[in-house]
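Accompanying notes for the structure given below.
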Amino acid sequence: MPEERPYDYRAVERAWQERWERDGIYVARDDDPRPKYYVLEMLPYPSGDLHVGHAKNYTLGDAVARIHRMRGYNVVHPMGWDAFGLPAENAAIQRGIDPETWTLENIRNMQRQVRLMGTSYDWTRELATSLPDYYRWNQWFFVRMFERGLAYKREAPVNWCPVDRTVLANEQVENGKCWRCGAAVERRNLAQWFLKITDYVERLLRGLDRLDGWPERIKTMQRNWIGKSEGVTFSLDVENVEAQIEVFTTRIDTVFGMTFVAVAPEHPVVAKILERMPKSRKRVEEFADSLKSKSELERTQLMEKTGVPTGAYAINPLSRERVPIWVTNYVLAEYGTGAVMGVPAHDERDFDFAKKHALPIAQVITTPDGTLRAPLEAAYVENGKLIASGEYIGMKSANARRAIAARLEAMGRGKTTVSYRIRDWLVSRQRYWGTPIPMVYCEHDGIVPVPDEQLPVLLPKGVKFTGQGSPLANDPSFSNTTCPRCGGAAIRDPDTMDTFVDSSWYFARYLDPKNTEKPFDHAKASRWMPVDQYIGGAEHAVLHLLYARFWTMFMVDSGMLSGDDEPFTRLFNQGLLIYNGEKMSKSKGNVVGIDETVDRFGVDAMRLFLLKAAPPEDTLDWTDEGIIGRVRFVQRVWRAAEPLTGVARTVPLDRLPELRGDAQRELVRALHVALDSGKSETETRRFHYNVTTAKLDELVNQLTAALREPGAADDPAVRYAVHALPIVLAPFAPHLADELWSRMGYERSVHLERWIDPDPAALAVGEITLVVQVNGKVRARIQTPPGIAEDDAFALAMREPTVLAQIDGKQVRKRIFVADKLLNIVAA
RNA sequence: CGGCGAGUGGUGAAAUUGGCAACCACGCCCGCCUCAGAAGCGGGUGCGCGAAAGCGUUUGUCGGUUCAAGUCCGACCUCGCCGACCA
C-alpha cells in the first residue's frame with residue numbers, strides 16, 4: 001500500500017493562482033491568428049462580498065472560456081466593475097463613508113475573491129465604470145448623441161421614486177414600483193434628459209429575429225416591451241366645440257360599436273370642452289385632482305375603472321352617432337393619442353367601464369357562425385363577422401379593418417398607424433454617484449455641451465450627503481461654471497446619468513481599455529466584437545440587454561465599430577442559486593460566502609459542485625452535503641493519479657494506447673466519453689457540464705477499478721488515462737489539473753494544451769446489449785458484437801426462456817428490429 | 001387575466017431521431033479495514049409480491065397515436081418565472 005498523501009488543496013490552489021497571474025497565461029492578444037472567441041459574464045456591481053451565487057455564474061463562464069481556449073480559440077474573457085450606483089451613495093448618507101472609498105474597497109475585496117475562484121480572466125483589461133478614465137467616455141457619447149439629436153431635454157411626466165429621490169426610466173418601474181427599492185413611484189412633471197431609443201424601434205425589433213442564440217423568452221419580453229401594434233388613428237368631431245379628438249385603435253372593425261369616447265384627464269381636449277361646458281368643470285376637475293394625489297401604482301393597479309362625463313359629445317364619423325365623452329382613469333395620456341373609442345361589446349376594459357356607468361353595449365361582431373347574440377355576458381374580443389355595421393355587415397374582421405381604414409383615409413379622417421409602447425430612455429438621475437451630464441446652461445447660449453477637450457466633467461470630491469436634494473445642485477463649486485461658447489456665467493446640469501449607460505458599451509471598452517484618445521480603437525473593437533457568448537441572469541431582459549443593443553447600433557452607425565450591430569450573438573441565462581428556499585442575497589441574510597466555502601472545501605470542489613448539481617439554466621439549491629461529494633472526488637482523483645505522475649508520460653496522448661483487454665478498452669473509452677461530452681456540450685452551447693462531470697466520475701471510477709489489478713502501474717491504458725486526466729479536468733478543476741500536469745514534468749500549464757479530440761475508435765464498444773422485447777416489454781438482453789443481423793438476433797432471442805415463456809401458445813405476427821439496439825417480437 | 005417554462009426514486013438529477021426509465025452524485029443499508037470514523041475500499045438501494053428465478057408496476061392526472069411514449073397529439077391539475085388596464 002502506498003503511503004497516504006492527502007491533497008492539500010489550500011496550498012496547491014493558491015500556488016497555481018499566483019503562477020497563472022505571474023505568467024499571464026490568460027492574457028488575450030490582438031494579433032493572435034486563431035479564431036476569436038469573446039466570452040463575457042455580465043459585469044458585477046461591487047456590493048462588498050461575493051457569495052456562492054456569484055460563483056455559479058463565474059464558474060460557468062470560466063469553464064466555457066477554458067474549454068474554448070483548449071479547443072483552439074483565441075479567447076478574450078475580461079472582468080470589470082459596474083461601480084456607480086445607489087448603494088454607495090446610501091452608505092455615504094447612512095454611515096458617512098465617501099462613495100468612492102466605499103466602492104474602491106469593495107472592488108479590492110471582490111477582485112481578491114474572484115481570483116480566489118481560480119477564474120481565467122484577462123486582468124489587463126479590467127475596468128471600473130466609476131473611474132474618470134471610463135466615465136469621460138459616457139460623457140463623450142452623450143455629447144455625440146446630443147449632436148445627432150438623440151439626446152434631448154424635455155419636460156414630461158416622469159416616474160419619481162420618493163425613497164431613492166430620483167427619476168426612473170420606464171424600464172425601471174415594475175408594477176408601478178421602483179425596481180430597486182420597491183417604493184410606489186409617483187408622477188412628476190420635470191425637465192429631463194432622454195435618449196431617443198424610439199428612433200431605433202424597428203431595428204431593435206428586426207434584430208431580434210436574427211438572434212438565434214438568444215432564449216426565446218428574452219426575445220419575447222423585448223418584443224412585448226417595445227409593444228408594436230398596428231391600427232388606425234382617426235379623428236372625431238366634438239359637438240359644439242372647436243376641437244377634434246384623435247383616437248388610436250387596433251380594432252377599427254368594431255367602430256360601429258362605439259358607445260362612448262374615453263380620454264385621459266390630461267388630454268388637451270378636456271380644457272377646450274370645459275370652456276364650453278362650465279357646468280361640468282367642477283366635476284371633471286375634482287375627478288382629475290383625485291387621480292393626481294394617487295400614485296401611479298394605485299391609479300393603474302388597484303383602482304377600478306371609473307370616470308365622469310364631460311357633458312360633451314363626439315360624432316362617430318362612420319355611423320354619425322353621437323357618443324358621450326368621458327374622462328376616465330384607465331386611459332393613459334402617454335400611450336397612443338391619450339383617447340380611445342369605447343366599444344364595450346368587444347373590449348374588456350370598455351365592458352367593465354360601461355357596466356359600471358350604465359353605458360349602452362352595442363354588439364357589432366359575432367362569432368363566424370353568427371350564433372353569438374346580445375345580451376353579452378362579457379366582451380367578445382375575438383375576430384369574427386360584422387353585424388349592425390352599415391355597409392360592412394357580413395364582412396370578416398380582418399377584411400373590415402382594411403375596408404374601414406381605407407374609407408376613413410378617403411374621408412380625410414384617419415390613417416393606418418403604428419403605435420409603440422416603448423418610450424424614450426430617461427437618463428437623468430438626481431443623484432451624486434454617477435456620470436455627470438456634460439451640459440451647461442447659459443443665459444445667452446442656452447444648452448451648451450461641454451467640449452471634448454474639457455472632458456471629463458469630474459465628480460466633485462468632499463461633497464456632503466444630507467439625503468436632501470441633489471448633492472451636485474447643492475455644490476456651488478460644481479454648479480457654477482462658464483459657458484464654453486460665450487465665456488459668460490453658466491451653470492452645470494446637476495444630474496448624473498442612469499448607471500445603465502455605463503453597462504451599455506463596457507464590452508467594447510474591454511477591447512481597448514487604456515485608450516485615452518477615444519472610447520476604443522475601431523480596429524481593436526471590431527476585431528473582437530460581437531460578444532460570442534454572453535452569460536447572465538434573466539432580470540436584465542428589458543433593461544441592460546435592450547439599452548446595450550441600442551447603444552451598439554449607435555456605435556455602428558457613427559462609424560466607431562464595424563460589423564454586426566447586435567452586441568451579443570448568444571445569450572445564456574443562468575438559473576438562480578437558492579439557499580434555504582430563497583435567492584441568496586445579503587439583504588435576506590442567507591449568504592454562503594466564497595471565503596469560507598473555499599477554505600472549507602477548496603475551489604475545485606466548489607466549482608465542480610456548482611457545475612454538477614444541476615444544468616446551468618436551472619435553479620440550483622445550495623447544500624453543504626452536495627459539495628462533500630466533490631471534495632471526495634478531488635481526493636479520489638489525487639489518490640488514483642498522483643502516484644503515477646512519474647510514469648504517465650511514457651504513454652503519449654497523440655494516439656490510442658495498445659489495448660490488451662476489455663478492462664483497458666473500457667477505461668480508455670470512459671476517457672474519450674468524457675472528452676466527447678465536454679466537446680459536445682460546448683459546441684451545442686447547452687453547457688450541460690453536469691453531464692460532463694458525471695462522465696468524469698465514471699472515468700475516475702474506472703481508473704480506481706483498474707488500479708486494483710496487479711501490475712496496473714505498467715498498463716499502457718492506465719498510464720494513458722492518467723496522462724490525459726489533467727486535460728479533461730482542466731476546465732472544471734483547473735488547480736488539480738495543473739498540479740497533476742506539472743508533476744508529470746511539464747513546464748507549461750495544462751491550460752495551454754489542446755483538448756484531445758474524442759477518437760471514434762476509442763468510443764466504439766466491443767459488445768452491445770441487444771434488448772429483446774415481446775409485445776413492447778423487455779424480456780431479455782443479449783450480449784453480442786455490434787452489427788448482428790436481424791435473423792441471427794431473432795434466432796438467439798428464441799433461445800431465451802423468458803422470451804419463449806411469453807410467446808408460448810401465441811403466433812409471432814411481426815418483428816421490429818432496430819440495429820444494435822432492440823428486437824421487438826409482436827405475438828398474439 | 002395573459003405569455004413562457006417545468007412536473008421523473010428519500011434528494012440533486014440522467015435519458016441524439018419515439019427504442020433498456022432512473023447514468024453520476026447525495027442520503028440510507030450491509031460488509032471490509034480500523035483503537036476510532038463525518039476517512040478509505042467493496043456491495044446494495046424506484047415501488048409491490050417473492051427465498052430466488054421471475055412476475056407485476058412506475059416519469060403530475062385522464063385520454064389518444066404507435067410494434068414501442070418521459071419524449072408526439074388533445075384535455076385537465078399543480079408549481080415557478082415574467083408581463084399585466086398599451087386601446
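No experiment lies behind these values; they were computed from the predicted model shown. Lettering follows sequence order; numbering is per chain, from 1. Below, all heavy atoms of this structure are taken into account, side chains as well, without hydrogens, waters or symmetry copies.
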Exercise for the section: Using a heavy-atom cut-off of under 4.0 Å over every strand shown, decide if A:Gly227 touches base, sugar-phosphate, or nothing. Expected result: nothing
Exercise for the section: State the pairing partner of B:rG74; accept Watson-Crick or G-U wobble contacts with both distances under 3.5 Å, and report none otherwise. Expected result: B:rC62
Exercise for the section: Taking atom C1' in both B:rC47 and B:rG10, compute the distance separating them and give it to the nearest angstrom. Expected result: 13 Å
Exercise for the section: Indicate, with yes or no, if the rings of A:Phe234 and A:Phe248 have centres closer together than 6.0 Å. Expected result: no
Problem - B:rA13 to B:rG18 separation - P atoms, rounded to the nearest Å - result: 25 Å
Problem - Among B:rA87, B:rC20, B:rA25, the one nearest A:Phe248 by side-chain distance - result: B:rA87
Fill in the blank from the handout: Which of B:rG19, B:rA14, B:rC24 is nearest the side chain of A:Glu698? It is B:rC24
Problem - Nearest-angstrom distance, P atom, B:rC77 to B:rG40 - result: 49 Å
Problem - Carboxylate-amine/guanidinium proximity below 4.0 Å for A:Arg636 and A:Asp697 - result: yes
Practice task
Tell me whether B:rG60 sits syn or anti, counting syn as a glycosidic angle within 90° of 0.
Solution key: anti
Exercise for the section: Please check if the side chain of A:Asp424 supplies one atom and the backbone of A:Ile197 the other of a donor-acceptor pair under 3.5 Å. Expected result: yes
Practice task
Find the partner of B:rA87: check Watson-Crick (N1-N3 plus N6-O4 or O6-N4) and G-U wobble (N1-O2, O6-N3) distances, both under 3.5 Å, and reply none if neither fits.
Solution key: none
Handout entry: Any side-chain donor near an acceptor of the partner, A:Tyr420 and A:Glu202, under 3.5 Å
Key = yes
Completion exercise
If pairing means Watson-Crick or G-U wobble with both distances under 3.5 Å, then the partner of B:rA52 is none
Problem - Residue met sooner reading RNA chain B from 5', once A:Pro615 and A:Gly338 are mapped to nucleotides - result: A:Pro615
Problem - C1' gap between B:rG70 and B:rG46, integer Å - result: 15 Å
Practice task
Using a 4.0 Å heavy-atom cut-off across all strands, classify A:Glu216 as base, sugar-phosphate, or nothing.
Solution key: nothing
Problem - Residue A:Arg630, side-chain heavy atoms: nucleotide from B:rA84, B:rA25, B:rC81 that is nearest - result: B:rA25
Problem - Donor on one side chain, acceptor on other, A:Arg813 and A:Asn775, under 3.5 Å - result: no
Practice task
Report the nucleotide, chosen from B:rC24, B:rA87, B:rG3, that has the shortest atom-to-atom distance to any side-chain atom of A:Leu332.
Solution key: B:rA87
Practice task
Quote, to the nearest angstrom, the C1' distance that separates B:rU16 from B:rG3.
Solution key: 30 Å
Practice task
Select one nucleotide: of B:rC55, B:rA25, B:rA14, the one nearest the side-chain heavy atoms of A:Val691.
Solution key: B:rA14
Problem - N-O pairing of A:Asp8 and A:Arg10 below 4.0 Å - result: no
Fill in the blank from the handout: Note: for A:Val771 and A:Gly626 on RNA chain B, the residue whose nearest nucleotide lies more 5' is A:Val771
Exercise for the section: Rounded to whole angstrom, note down the P distance from B:rA38 over to B:rG31. Expected result: 16 Å
Problem - Within 6.0 Å of CD in A:Glu596, more than 12 heavy atoms from elsewhere - result: yes
Exercise for the section: Using both distances under 3.5 Å as the test, list the Watson-Crick or G-U wobble partner of B:rA13, or none. Expected result: none
Exercise for the section: Would you state whether a donor and an acceptor, one from the side chain of A:Lys814 and one from the base of B:rU66, lie under 3.5 Å apart? Expected result: no
Practice task
Look through every strand shown and name the nucleotide pairing with B:rG27 as Watson-Crick or G-U wobble, where both distances are under 3.5 Å.
Solution key: B:rU45
Exercise for the section: Give the nucleotide from the list B:rC23, B:rG19, B:rG83 with an atom nearest to the side chain of A:Arg421. Expected result: B:rG83
Practice task
Quick one: label A:Glu539 by what it contacts on the DNA or RNA (base, sugar-phosphate, nothing), any heavy atom closer than 4.0 Å.
Solution key: nothing
Exercise for the section: Mind checking A:Arg815 for me? I need base, sugar-phosphate or nothing, with any heavy atom below 4.0 Å counting as a touch. Expected result: nothing
Handout entry: Per A:Arg632 side chain, nearest of listed nucleotides B:rC41, B:rG3, B:rC26
Key = B:rC26
Exercise for the section: Taking only the side-chain heavy atoms of A:Asn690 (C-beta and beyond), determine which of B:rA87, B:rA84, B:rA14 contains the nearest atom. Expected result: B:rA14
Problem - Base partner of B:rG40, which must satisfy Watson-Crick or wobble distances under 3.5 Å - result: B:rC32
Exercise for the section: Among B:rC55, B:rG19, B:rA87, find the nucleotide with the atom closest to the side chain of A:Arg779. Expected result: B:rC55
Practice task
Establish whether the base of B:rC67 is bridged to the side chain of A:Asn824 by a donor-acceptor pair shorter than 3.5 Å.
Solution key: yes
Fill in the blank from the handout: Checking B:rC23, B:rG3, B:rU17 against the side chain of A:Lys821 (C-beta onward), the nearest is B:rU17
Problem - Pair assignment for B:rA22, Watson-Crick or G-U wobble, requiring both distances under 3.5 Å - result: none
Exercise for the section: Select base, sugar-phosphate, or nothing to describe what A:Thr693 touches, counting heavy atoms under 4.0 Å on all strands. Expected result: nothing
Practice task
Rounded to whole angstrom, note down the C1' distance from B:rA6 over to B:rA25.
Solution key: 22 Å
Practice task
Return yes if a side-chain donor-acceptor contact under 3.5 Å exists between A:Tyr689 and A:Ser677, otherwise no.
Solution key: no
